[in-house]
Amino acid sequence: MVRSPLVLLPGLDGTGLLFDVFLSALPTGSNVTVVSYPTSDDQNYDTLTTWAGRFLTDQPCVLVGESFSGPIAVRLAAEWPERVVALVLGASFIRSPRPSLLTKVLPLASARWVPDFLIDYFMASPATPNSVLRTLHELVRQTPAAILQARLLAVLHADVRADLRTVSCPILVLQAREDRLVPGAASRTIVAERPDATLSLAKAPHLMFQTAPGECALAISEFLAMIRRIV
């Protein structure tokens, strides 16, 4: 049972709308804040980390960084140890996970040509709900090309290994075993930097919070129960 307040940081779309399926899997009455990113400011990790930091209150929280937002979650946990009591990284990374792929995708993003089948191949599986895929396709079409390209560039140059070493709270790494976008090596890099982190594997594609929401919610609940016994 998830009891601590959760602050959810979204994937590349930046809206947080794709968390709806995951929210429905959480216990009734869960205290959850879903962050959405602006589209009027710079989209580099410095700017977005500052923006997301506004959602951290004096009430200690569990910070969940999905995919694109992993580096932001790491930096916030390092900067605000008194506010972030646990860090969860889901299908995410601490340095650019697929630089060669990103280099190829950037021209497609800038040209507004990212076909649905390509999105589905890298992010989804047959178990992903059709409603999630429809929302994902629409969000990609609605995201301005400049915003999408800027966020992909941020991922291309990401490296928060030094920040991760200074994080003082417990860390959970949720790895999607069927992830074609962020390879398992990304999770291994996190654990190599922080051997004290807990690694949990889910039978899911990159969209793990949307395809296996119950499994993700359970993994987070069990992790929080474990660290409560320890601390």
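In what follows, residues are counted from 1 in the order of the sequence shown.
- Taken together through direct or relayed side-chain contacts under 4.5 Å among Ile, Leu, Val, Met, Phe, Trp and Tyr, F122 and L133 form parts of separate hydrophobic clusters.
- By the 4.5 Å heavy-atom criterion applied to side chains, F22 and I220 are counted as neighbours.
- Using a 4.5 Å heavy-atom cutoff, the side chains of V34 and P10 are not in contact.
- V140 is not listed as a side-chain neighbour of D13, based on a closest heavy-atom distance of 4.5 Å or more.
- Of the possible polar contacts, one joining the R83 side chain to the L56 backbone as a donor-acceptor pair under 3.5 Å is found.
- Between A25 and G214 the shortest heavy-atom distance is CB-N, 3.9 Å.
- V85 and C169 get closest at one heavy-atom pair: O-CB, 3.4 Å.
- For the pair P71/I94, no side-chain contact is recorded, criterion being any heavy-atom separation below 4.5 Å from C-beta on.
- For residues 151-167, every residue pair satisfying the salt bridge (Lys or Arg N to Asp or Glu O under 4.0 Å) rule, not counting sequence neighbours, is listed here: D159-R161, R165-E193.
- Side-chain contact between V32 and L8: present, with at least one pair of heavy atoms (C-beta onward) separated by less than 4.5 Å.
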- request: Take L174 and M208, measure what side chain to side chain contact (heavy atoms under 4.5 Å, CB included) needs, and give me the verdict at the end.
  value: CA-CA 9 Å; L174 292 176; M208 65 186 311; 3.7 Å; yes
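- Here the side chain of T47 pairs no donor or acceptor atom with the backbone of Q43 at under 3.5 angstrom.
- We find the CD-CD1 distance between E222 and I227 to be 13.0 Å, quoted to the nearest 0.5 Å.
- Using modelled atom types and a 3.5 Å distance limit, the side chains of S36 and T15 yield no donor-acceptor pair.
- Salt bridge E178/K203: present, at least one basic N to carboxylate O contact under 4.0 Å.
- Residues in residues 64-78 take part in these side-chain hydrogen bond (donor to acceptor under 3.5 Å, both in side chains) pairs, two or more places apart or across chains: Y37-S69, D46-R75, E66-Q210, S67-H206.
- Looking at P97 and V155, their side chains come closer than 4.5 Å, going by heavy atoms from C-beta outward.
- For the atom pair L152 CG and I147 CD1, the distance stands at 11.5 Å (nearest 0.5 Å).
- A salt bridge does not link R134 to D116: none of the charged nitrogens lies less than 4.0 Å from a carboxylate oxygen.
- Remark: D120 CG to T128 OG1 distance equals 8.0 Å, nearest 0.5 Å.
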message: Set out, in order, the CA-CA distance, both residues' side-chain angles and the distance that settles ring pair (Phe, Tyr, Trp, His ring centres under 6.0 Å) for F68 and Y45, then state yes or no.
response: CA-CA 10 Å; F68 169 79; Y45 277 132; 5.1 Å; yes
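- Separation of atoms OG1 (T143) and CG (L12) is listed at 7.5 Å; rounding is to 0.5 Å.
- Under the 4.5 Å side-chain criterion, counting only non-hydrogen atoms from C-beta, Q175 is not in contact with D179.
- Donor-acceptor pairing under 3.5 Å is lacking for the side chains of N44 and H157.
- In this structure, M123 is a member of the same hydrophobic cluster as L156, with clusters built from ILVMFWY side-chain heavy atoms closer than 4.5 Å.
- For the pair T166/L164, no side-chain contact is recorded, criterion being any heavy-atom separation below 4.5 Å from C-beta on.
- Within the 3.5 Å criterion, the main-chain N or O of L26 finds no donor-acceptor partner in the side chain of S30.
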